[in-house]
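Notes for the one structure printed next.
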Amino acid sequence: MSAPLFLVESLPAGTSFTLDGPEGHHAATVQRLRAGETLILADGRGGTAKAEVSAVGRGTVDLLIGSRTTEPAADPRLVVVQGIAKGDRGELAVQAMTEVGVDEIVPWAASRSVAQWRGDRGIKARDKWASTAREAAKQARRSWLPSVSGDPDCSTKQVAARIADAAAAFVLHEEATERLTSAPLPESGEIILVVGPEGGISDAEVATFQTAGAVPVRLGTAVLRTSTAGVAALSVLSTRLTRW
């Protein structure tokens with residue numbers, strides 16, 4: 001089993017470091033790491049450092065820092081505009097998309113989104129998505145932490161503006177004739193995937209996104225849920241872009 005990963009604000013510059021706070025508590029109390037065991041520190045921006053546990057305290061772990069590596073940012077960059085879903089379906093989507101390699105997730109207030117993110121509720125909901133992405137990135141041993149952006153939720157107009165600036169954009173739609181498996185992909189830049197909420201994407205929204213430059217695509221004959229469609233699409237793109 002690979003060494004567990006813990007996120008820090010910045011990688012230590014010296015040869016020793018004390019992991020404390022929530023991450024130190026998790027390492028010492030939850031995972032019960034012991035002297036001699038190894039772990040990985042990551043700054044969430046591509047930098048990682050291997051470390052060996054030298055001592056364990058109450059909620060802290062003393063480390064001896066070993067080799068450091070830096071992983072460049074992915075290019076093309078994969079961005080999923082995720083229609084806000086009710087219940088825990090959105091969080092399930094965020095978790096799975098993070099595990100398969102999404103670079104950014106944009107919560108989208110689609111016309112058919114049952115849940116509405118407004119005011120403090122919206123900020124808390126977006127923060128929960130960000131927390132879910134953080135934990136999933138640690139589980140997947142990712143050196144890059146995907147961002148969760150939004151105001152806290154993006155309008156259709158804002159999504160269209162983002163699409164217009166992207167290298168490529170695709171709208172997952174069950175009535176599309178073009179397949180994501182054969183759609184042309186750029187060599188660099190931002191690739192946007194738009195995933196609708198439970199009720200799907202309205203014709204007006206599809207038209208708006210097409211005007212901005214997006215291409216409606218389908219994955220196959222089955223209609224996928226909002227919690228799984230983005231994961232499936234990212235898997236296709238990761239394979240085609242040789243990330244996998």
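Quick caveat: nothing in here was measured; it's all calculated off a predicted structure. Keep in mind that the numbers below use all heavy atoms, side chains included, and drop hydrogens, waters and symmetry copies.
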message = Given 3.5 Å as the limit, does a donor-acceptor pair link the side chain of Asp20 with the main chain of Gly24, or not?
response = no

task = Please check if the side chain of Thr29 supplies one atom and the backbone of His26 the other of a donor-acceptor pair under 3.5 Å.
result = no

key: Spacing of OG belonging to Ser131 relative to CD belonging to Glu91, to within rounding of 0.5 Å   = 9.0 Å

remark   = dist His173:NE2 -> Gln210:CD (nearest 0.5 Å) comes out at 9.0 Å

ask   = Any donor and acceptor pair, going by atom type alone, linking the side chain of Arg68 with main-chain N or O of Pro12 inside 3.5 Å?
value = yes

Glu71 backbone acceptor or donor facing Trp144 side chain under 3.5 Å = yes

query = Salt bridge check: are Glu190 and Arg162 linked by an N-O gap of less than 4.0 Å?
reply = yes

inquiry  = For residues 203-217, which residue pairs pass the salt bridge (charged side-chain N to carboxylate O under 4.0 Å, His left out) check, not counting sequence neighbours?
reply    = none

inquiry  = Does either side chain, that of Thr48 or that of Ser143, offer a donor lying less than 3.5 Å from an acceptor on the other one?
reply    = no

query = Stepwise, does the side chain to side chain contact (heavy atoms under 4.5 Å, CB included) test hold for Phe170 with Ile163?
reply = CA-CA 9 Å; Phe170 304 102; Ile163 288 172; over 6 Å; no

inquiry  = Gln139 vs Glu135, test: side chain to side chain contact (heavy atoms under 4.5 Å, CB included). Steps then yes/no.
reply    = CA-CA 6 Å; Gln139 179 66 35; Glu135 294 306 310; over 6 Å; no

query = What's the verdict on side chain to side chain contact (heavy atoms under 4.5 Å, CB included) for Val8 and Glu23, showing C-alpha distance, side-chain angles and the deciding distance?
reply = CA-CA 8 Å; Val8 292; Glu23 294 290 81; 5.8 Å; no

ask   = Side-chain contact, heavy-atom cut-off 4.5 Å: Leu11 with Leu41?
value = yes

key: N-O pairing of Asp103 and Arg243 below 4.0 Å   = yes

ask   = With ring centroids as reference points, do Trp129 and Trp117 lie under 6.0 angstrom apart?
value = yes

inquiry  = Return the NZ to CD1 distance between Lys138 and Ile40, rounded to the nearest 0.5 Å.
reply    = 12.5 Å

query = When rounded to the nearest 0.5 angstrom, what distance separates CD1 in Ile105 from CG in Leu78?
reply = 11.5 Å

inquiry  = The criterion is side-chain hydrogen bond (donor to acceptor under 3.5 Å, both in side chains); which residues satisfy it with Ser235, sequence neighbours excluded?
reply    = none

message = Donor-acceptor pair, distance only, cut-off 3.5 Å: does the side chain of Arg45 make one with the backbone of Glu9?
response = yes

ask   = Does any donor atom in the side chain of Gln82 or Thr226 lie under 3.5 Å from an acceptor atom in the other side chain?
value = yes

task = Over all heavy atoms of both residues, which pair between Leu172 and Ala233 is shortest? Give the atoms and the distance, please.
result = CD1-CB, 3.8 Å

task = Would you confirm whether Arg121, through its side chain, and Gly119, through its main-chain N or O, come within 3.5 Å as a donor-acceptor pair?
result = no

ask   = Does Ala3 offer a backbone N or O that forms a donor-acceptor pair with the side chain of Arg141 under 3.5 Å?
value = yes

query = Residues two or more places apart in sequence or in another chain: which of them pass side chain to side chain contact (heavy atoms under 4.5 Å, CB included) with Ala51?
reply = Leu39, Leu63, Ile65

Under 3.5 Å donor-acceptor, Ser238 side chain and Leu234 backbone = yes

inquiry  = With side chain to side chain contact (heavy atoms under 4.5 Å, CB included) as the test, pick out the partner of Val81 among Val195, Val171, Val194.
reply    = Val194

query = What distance separates Ile191 CD1 from Arg240 CZ, expressed to the nearest 0.5 Å?
reply = 8.5 Å

ask   = Ion pair present between Arg77 and Glu104, side-chain N to carboxylate O less than 4.0 angstrom?
value = yes

task = For a side-chain hydrogen bond (donor to acceptor under 3.5 Å, both in side chains) with Asp153, tell me which candidate from Gln158, Arg118, Arg126 qualifies.
result = Arg118

message = Between Arg179 and Leu219, is the side chain to side chain contact (heavy atoms under 4.5 Å, CB included) condition met? List the steps.
response = CA-CA 6 Å; Arg179 294 180 180 270; Leu219 293 169; over 6 Å; no

ask   = Can you name the closest pair of heavy atoms from Cys154 and Val159 and give their distance?
value = CB-CG2, 4.0 Å

request  = Report yes or no: does Arg89 contribute a side-chain atom to a donor-acceptor pair with the main-chain N or O of Ser227 at less than 3.5 Å?
outcome  = no

note = Interatomic distance, CG@Leu237 vs CG@Leu193, rounded to 0.5 Å, equals 5.0 Å

request  = Report yes or no: do Thr18 and Asp62 form a side-chain donor-acceptor pair below 3.5 Å?
outcome  = yes

